[in-house]
Amino acid sequence: MDLIARLRAGLPGEAILTDPDVTGSYAHDMASFCEAGTPAVVVLPRTVEEVQHIMRTATELRIPVVPQGARTGLSGAANASDGCIVLSLVKMDRIIEINPVDRIAVVEPGVINAVLSRAVNEHGLYYPPDPSSWEQCSIGGNIGTASGGLCCVKYGVTAEYVLGLDVVLADGRLLTTGRRTAKGVAGYDLTRLFVGSEGSLGIVVRAVLALKPEPPQQLALAAEFPSTAAACQAVCEIMARGHAPSLLELMDRTSIRAVNEMAQMGLPDSTEALLLAAFDTPEPAADLAAVGKLCTAAGATEVVPADTAAESDLLLQARRLTLTALERVKSATMIDDVCVPRSRLAEMLDGTAAIAEKYGLTIGVCAHAGDGNTHPTVCFDAADPDESRRARESFDDIMALGLQLGGTITGEHGVGVLKKEWLARELGPVGVELQRGIKDVFDPLGILNPGKLF
């Protein structure tokens, strides 16, 4: 019995896609410079039992399986390999439970981040992780790549909100990890191990997520600086003084100009860096005033605080438009997500500017400045082989700079195909050996998302 026939024995016909024109559209995520193969089939299960059947079939036939969510990732982690089963989880999109007493939600992996966020808001609750693609990205994908977002400076990343998981293992067995309780330290923390594993250890089919009480509406300010060094000094002062902003974002000169050209935001040409801060505290105006003084002391030429939520949204619009604006500069972009200690943020931005000059490229940087997570975006012409080469080399130089400054090659996008060579450099030989050993325990045949991470 061949692969398709075996799959049909446990899946409805509409869950199996074999038309090459259709399956080809599932071959890759949104990353540049990442190879993608041709899948043998795409399957779209709706139940845990169907996922188990898929994995048992894959194990019996020794066929690789590439799990996918919404394919909004930026590292190639969801890219197909030749002859694989693409296991798309988008149809498993139920919110099973929202519990205001226990402050948890139980969801399937295909639930869209924004859908969950709005659903828990109706109960006066809050699910903080908010990747920029929150209107499209799925909870399963967020778990697979340990996604972050704008609010991480105060609320942390996805890993801090995953309490428990149901995972289908490579051989089809169902593993339950973690808990529904506020506390729990029984055994090794396998839940945390799966978060960020990029589908290489098992298929997440259900998640128990922690929720928080919905905070007050945030207010924001924008501060213009004559240099990135001054803006980064303000970031250091804000954090050193114990402030807890719900958002602390930075845009460099290249990003500002790109947004100005696209949306006519009216920011002065002399602005070298724009810092955006927001607070969702009971008295946000007082917090903004204190932060505004720190920005002025650090050299800000203008500080504009908002008085209302609507004004805050206007101030934050420039940050939200950054990627779209940079995508207009050239035909292609490579988005990095190097994270460095806050105290080295200025060196990271200045070093990236030097790399842009070295390669003759436009590289705009926006950053989750409060947690040191930078997003250098390399703009290039994909049809120009020399420019494409320079783009890739500049991308590597940026990662090398991040490691040199005591940082990490990825703060929230993951490793996937794009950064697996750099993962080995960051972990070192002992780290790689142990991580491969863990992979062998969960996936002894090596069929889960092969070619990713290592």
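- The closest side-chain heavy-atom distance from L163 to I104 is below 4.5 Å.
- When the side-chain contact (heavy atoms from CB on, under 4.5 Å) test is applied to E97, the partners found at least two apart in sequence or on another chain are N99, V106, R180.
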List the steps, then state whether side-chain contact (heavy atoms from CB on, under 4.5 Å) holds for Q217 with D280. CA-CA 6 Å; Q217 181 68 53; D280 58 5; over 6 Å; no
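- Centroid-to-centroid, the aromatic rings of F395 and F33 stay 6.0 Å apart or farther.
- In this structure, the side chains of I203 and M55 come closer than 4.5 Å at one or more pairs of heavy atoms.
- Atom CZ of R173 has 12 or fewer heavy atoms from other residues, nucleotides or ligands within 6.0 Å.
- A salt bridge does not link D371 to K154: none of the charged side-chain nitrogens sits closer than 4.0 Å to a carboxylate oxygen.
- Taking 4.5 Å as the limit, some side-chain heavy atom of V90 sits within range of a side-chain heavy atom of L44.
- For the pair L453 and K420, the minimum side-chain heavy-atom distance is 4.5 Å or more.
- Panel note: side chain K419, backbone I409; a donor-acceptor pair is recorded below 3.5 Å.
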Apply side-chain contact (heavy atoms from CB on, under 4.5 Å) to D336 and T374, showing your working. CA-CA 8 Å; D336 215 330; T374 67; over 6 Å; no
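- Evaluated for a side-chain contact (heavy atoms from CB on, under 4.5 Å) with N449, the options S81, S197, C84, P67 yield exactly one hit, P67.
- Rounding to the nearest 0.5 angstrom, the gap separating the CG atom in L326 from the CD1 atom in I335 is 8.5 Å.
- The side-chain heavy atoms of E198 and V415, taken from C-beta on, include a pair separated by under 4.5 Å.
- Of the candidates L209, V195, V157, T158, T158 is the only one forming a side-chain contact (heavy atoms from CB on, under 4.5 Å) with N142.
- The nearest pair of heavy atoms linking L361 to C379 is CD2-O, 4.1 Å.
- Across every non-hydrogen atom of A119 and I95, the tightest pair is CB-CD1, 3.8 Å.
- Residue pairs meeting the salt bridge (charged side-chain N to carboxylate O under 4.0 Å, His left out) criterion with at least one partner in residues 352-370, sequence neighbours excluded, are K358-D397.
- Scored by the ring-ring contact (aromatic ring centres under 6.0 Å, His included) test, Y359 finds no partners at all (sequence neighbours excluded).
- When every heavy atom of G156 is checked against every heavy atom of Y161, the shortest pair comes out as O-CE1, 4.1 Å.
- Residue pairs meeting the salt bridge (charged side-chain N to carboxylate O under 4.0 Å, His left out) criterion with at least one partner in residues 68-94, sequence neighbours excluded, are R94-E108.
- A 6.0 Å sphere centred on CE of M30 holds no more than 12 heavy atoms belonging to other residues, nucleotides or ligands.
- With respect to the salt-bridge test (charged N to carboxylate O, under 4.0 angstrom), the residues D381 and R390 do not qualify.
- Ion pair E387/K330 flagged as a salt bridge, since at least one NZ, NE, NH1 or NH2 atom sits closer than 4.0 Å to an Asp/Glu carboxylate oxygen.
- Counting heavy atoms from C-beta outward, T352 and D252 have side chains that stay 4.5 Å or more apart.
- Classification of D440 and R436 as a salt-bridged pair fails, no side-chain N sitting under 4.0 Å from a carboxylate O.
- Here H368 contributes atom NE2 and L345 contributes atom CG; the two are 12.0 Å apart, rounded to the nearest 0.5 Å.
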Starting from the C-alpha separation in whole Å, work towards a yes-or-no answer on side-chain contact (heavy atoms from CB on, under 4.5 Å) for D166 and L175. CA-CA 6 Å; D166 283 358; L175 169 69; over 6 Å; no
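- Residue L61 holds its CG atom at 14.0 Å from CZ of R56, rounded to the nearest 0.5 Å.
- Residue pairs meeting the salt bridge (charged side-chain N to carboxylate O under 4.0 Å, His left out) criterion with at least one partner in residues 12-34, sequence neighbours excluded, do not occur; the list is empty.
- Pairing each heavy atom of L125 with each of I98, the nearest pair is CD1-CG2, 4.3 Å.
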Please assess T228 against D350 for the test side-chain hydrogen bond (donor to acceptor under 3.5 Å, both in side chains), listing each intermediate value before the final yes or no. CA-CA 7 Å; T228 53; D350 289 344; 2.8 Å; yes
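- Looking at heavy atoms from C-beta onward, L248 lies in side-chain contact with V235 at the 4.5 angstrom threshold.
- For the pair P109 and S138, the tightest heavy-atom approach, listed with the atom from each and the gap, is O-CB, 3.4 Å.
- A donor-acceptor distance shorter than 3.5 angstrom exists from the side chain of D443 to the backbone of I447, with no hydrogens or angles considered.
- Judged as a side chain to side chain donor-acceptor pair (under 3.5 Å), and not counting sequence neighbours, S200 has no contacts.
- Counting heavy-atom neighbours within 6.0 Å of E421 CD, excluding the residue itself, gives a total of 12 or less.
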With side-chain contact (heavy atoms from CB on, under 4.5 Å) as the test, would you mind laying out the steps for M251 and I256 before giving the verdict? CA-CA 6 Å; M251 297 168 58; I256 293 167; 4.1 Å; yes
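- The cationic group of R118 lies under 6.0 Å from the six-membered ring centre of W134 and within 45° of the ring axis, placing it in a cation-pi geometry.
- Between H413 and H375, the ring-plane angle classifies as parallel under the 30° and 60° cut-offs.
- One finds the OG1 atom of T408 at 10.5 Å from the CE atom of M399 (value rounded to the nearest 0.5 Å).
- For the residue pair Q136 and T72, no side-chain donor N or O sits within less than 3.5 Å of a side-chain acceptor on the partner.
- Side-chain atoms of E35 and N79, non-hydrogen and from C-beta on, never get closer than 4.5 Å to each other.
- Checked for salt-bridge contact, D396 and R392 meet the test: a charged N lies under 4.0 Å from a carboxylate O.
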Would D337 and T410 satisfy side-chain hydrogen bond (donor to acceptor under 3.5 Å, both in side chains), going step by step from the backbone distance to the final call? CA-CA 5 Å; D337 71 319; T410 176; 2.7 Å; yes
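- Among all heavy-atom pairs drawn from G199 and L448, the shortest one is O-CB, 3.7 Å.
- In this structure, the separation between NE2 on H28 and SG on C34 is 10.5 Å, given to the nearest 0.5 Å.
- For the atom pair S246 OG and Q218 CD, the distance stands at 4.0 Å (nearest 0.5 Å).
- A donor-acceptor pair under 3.5 Å is formed between the side chain of S331 and the backbone N or O of A382.
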